[in-house]
Amino acid sequence: MTKIVILTGAGISAESGLGTFRDVGGLWTRYDLNEVATPEGFVRNPALVHEFYNARRRNCLESTPNAAHHALARLEKDYPGEVRIVTQNVDDLHERAGSRAVWHMHGTLSGALCAACGHRWPAPREMRAQDRCPACTAAATRPDIVWFGEMPYHMEDIWDALRAADLFVAIGTSGNVYPAAAFVQDAARAGAGTLELNLEPSDTVTDFDAARHGPASILVPEWVEEMLSAG
Ligand code: BV8
């Protein structure tokens, strides 16, 4: 049974209107990631962090999956093998396109987490610093997002999947953030073939056996069509 592991990043959601991070005009060019995407930043100014994620949650609610998300959902449904998505994205566009086997290694905009007791619940549209945890009532509500310096989610499962993969495909990621940026090496070490589909060469493009560059909404449906006709 052929096993495919697909890593996606902000580039797959770019054509759905969600910002990327490091492109021109990207989120990290407009916000200081140390202020809005670290636990220290949250302690310093929780209101600013909630404002940043409330804006992204609104943006996500107003966006729709694009042809790349739909193509991956079709691959999972029709491919005679295992298809697993590991996404760095915190939006729910893969799920809204119909993908089911999705691990959000950097968390999700739809989740709320209590920084005091660890309780999790569905995030309201707008989160505020003074919101109280439904379990312990502490005013320590944060987005259930993995910030810099925090342990990404599902790591053991991800490493198991990479070790068992026959093919690893990275879509729409610049290869800047670890441990995700090293997944191509983990997969290659385990004998998987590796392919990059990205608007332009990523920082890790030389780690891949093959690479195609262009918009995900064009490249991903083309690649899925090839995979399904090869059977
Ligand atoms: C951790 C929050 C310990 C969610 C984010 C070495 C080993 C381990 C860690 C480190 C290391 N070196 C440094 C570190 C620390 C750090 C790190 O990587 N720093 C970087 C800046 C050097 N990593 C961490 O802190 C991680 N935690 O290491 O814990 C540990 C270590 C190992 C094992 C276990 C534990 C935590 C990282 C998570 C941080 N949280 N965000 C949010 O707010 O969204 S990271 C942030 O960057 C987002 O999650 C985003 O998804 C992620 C990656 O960015 P990309 O998705 O690649 O987006 P980017 O804009 O960069 O690129 C977009 C690409 O798309 C571009 O290439 C562009 O060309 C392309 N594109 C654009 N348009 C299109 C397109 N492609 C196709 N079609 C288009 N239309």
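Counting starts at 1 for both ligands and their atoms, in listed order.
The closest approach between A37 and ligand 1 stays at or above 4.0 Å for every heavy atom of the residue. Contact between M105 and ligand 1 is absent, with no heavy atom of the residue lying under 4.0 Å from the ligand. Note on ligand 1: S202 sits outside its first shell, no heavy atom being nearer than 4.0 Å.
Only side-chain heavy atoms of I145 come within less than 4.0 Å of ligand 1; its backbone N, CA, C and O stay farther off. Residue contacts with ligand 1 for P152 involve side-chain atoms from C-beta outward but no N, CA, C or O (heavy atoms, distance under 4.0 Å). Counting heavy atoms closer than 4.0 Å to ligand 1, residue E15 contributes side-chain atoms (C-beta onward) but none from N, CA, C or O.
When hydrogens are left out, the protein atom nearest atom 35 (C) of ligand 1 is M151 SD, 3.2 Å; that is the closest non-hydrogen contact. The protein atom (non-hydrogen) at minimum distance from atom 79 (C) of ligand 1 is G11 O, 3.4 Å. Of the protein's non-hydrogen atoms, the one nearest atom 21 (C) of ligand 1 is F148 CE2, 3.8 Å. From the protein, the heavy atom lying nearest to atom 57 (O) of ligand 1 is T173 OG1, 2.7 Å. Counting only heavy atoms of the protein, atom 8 (C) of ligand 1 lies nearest to Y178 CB, 3.7 Å. If you check which protein heavy atom lies closest to atom 25 (O) of ligand 1, you get G149 N, 2.6 Å. Of the protein's non-hydrogen atoms, the one nearest atom 42 (C) of ligand 1 is R56 NH1, 3.4 Å. The single protein non-hydrogen atom nearest to atom 50 (C) of ligand 1 is F21 CE1, 3.4 Å, given as residue, atom name and distance.
The number of heavy atoms from other shown groups lying within 6.0 Å of CZ (R125) does not exceed 12. Atom CZ of R44 has more than 12 heavy atoms from other residues, nucleotides or ligands within 6.0 Å.
Atoms of ligand 1 lying under 4.0 Å from any heavy atom of N176, numbered from 1 in the order shown and given with element: 20 (C), 22 (C). Atoms of ligand 1 found under 4.0 Å from any heavy atom of G172 (numbered from 1 in listed order, with element): 63 (C), 64 (C), 65 (O), 76 (N). Each of the following atoms of ligand 1 lies closer than 4.0 Å to a heavy atom of E150: 1 (C), 26 (C), 27 (N), 29 (O), 36 (C). Shown in contact with A14 at under 4.0 Å from a heavy atom are these atoms of ligand 1, numbered in order with element: 73 (N). With ligand atoms numbered from 1 in the order given, ligand 1 contributes 77 (C), 78 (N), 79 (C) to contacts under 4.0 Å with heavy atoms of A216. Interface of W159 with ligand 1, defined as ligand atoms under 4.0 Å from a residue heavy atom, comprises 33 (C). Taking every heavy atom of G9 and a limit of under 4.0 angstrom, the matching atoms of ligand 1 come to 56 (O). Near V90, with a cut-off below 4.0 Å to any heavy atom, the atoms of ligand 1 are 4 (C), 44 (O).
No side-chain donor from either of E15 and N66 sits under 3.5 Å from a side-chain acceptor of the other. Donor-acceptor pairing under 3.5 Å is lacking for the side chains of N59 and R56. In the model, Q88 has a side-chain atom that pairs as donor or acceptor with a side-chain atom of T173 under 3.5 Å. Using modelled atom types and a 3.5 Å distance limit, the side chains of E82 and T2 yield no donor-acceptor pair. With no hydrogens or angles considered, no side-chain donor-acceptor pair links S110 and D92 at under 3.5 Å. For the 3.5 Å distance criterion, the side chains of S99 and H69 fail to qualify, holding no donor opposite an acceptor. Counted by atom type alone, Y153 and D144 present one or more donor-acceptor pairs between their side chains at under 3.5 Å.
Aromatic pair H50/F42: ring centres closer than 6.0 Å.
The nearest pair of heavy atoms linking C136 to C114 is SG-SG, 3.7 Å.
Note: L197 CG to T8 OG1 = 11.5 Å, rounded to the nearest 0.5 Å.
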How far apart are the C-alpha atoms of H70 and L72, what are their side-chain angles, what is the distance that settles it, and do they pass the side-chain contact (heavy atoms from CB on, under 4.5 Å) test? CA-CA 5 Å; H70 287 295; L72 294 186; over 6 Å; no
In sequence, state the C-alpha distance, the side-chain angles, and the governing distance for E76 and R100, and then conclude on side-chain contact (heavy atoms from CB on, under 4.5 Å). CA-CA 8 Å; E76 179 184 341; R100 285 175 182 39; 3.3 Å; yes
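The presence of a protein heavy atom under 4.0 Å from atom 15 (C) of ligand 1 is ruled out.
The heavy atom nearest to atom 75 (C) of ligand 1, considering only T108, L199, V205, is found in L199. Taking each of I158, V146, V177 in turn, the one with a heavy atom nearest to atom 5 (C) of ligand 1 proves to be V146. Compare H106, E156, H104 by their heavy atoms: the one nearest to atom 38 (C) of ligand 1 is in H106.
On a distance-only criterion, M155 and ligand 1 share no N/O pair closer than 3.5 Å. Ligand 1 has no N or O atom lying under 3.5 Å from any N or O atom of P215, backbone or side chain. Annotation: Y53 places an N or O atom under 3.5 Å from an N or O atom of ligand 1; distance criterion only.
A salt bridge links E150 to R142: one of the charged nitrogens lies within less than 4.0 Å of a carboxylate oxygen.
Looking only at side-chain heavy atoms (C-beta outward), I158 and F183 come within less than 4.5 Å of each other.
With T194 as the partner, the side-chain contact (heavy atoms from CB on, under 4.5 Å) test is satisfied by one option alone out of V5, L167, V184, V169: V184.
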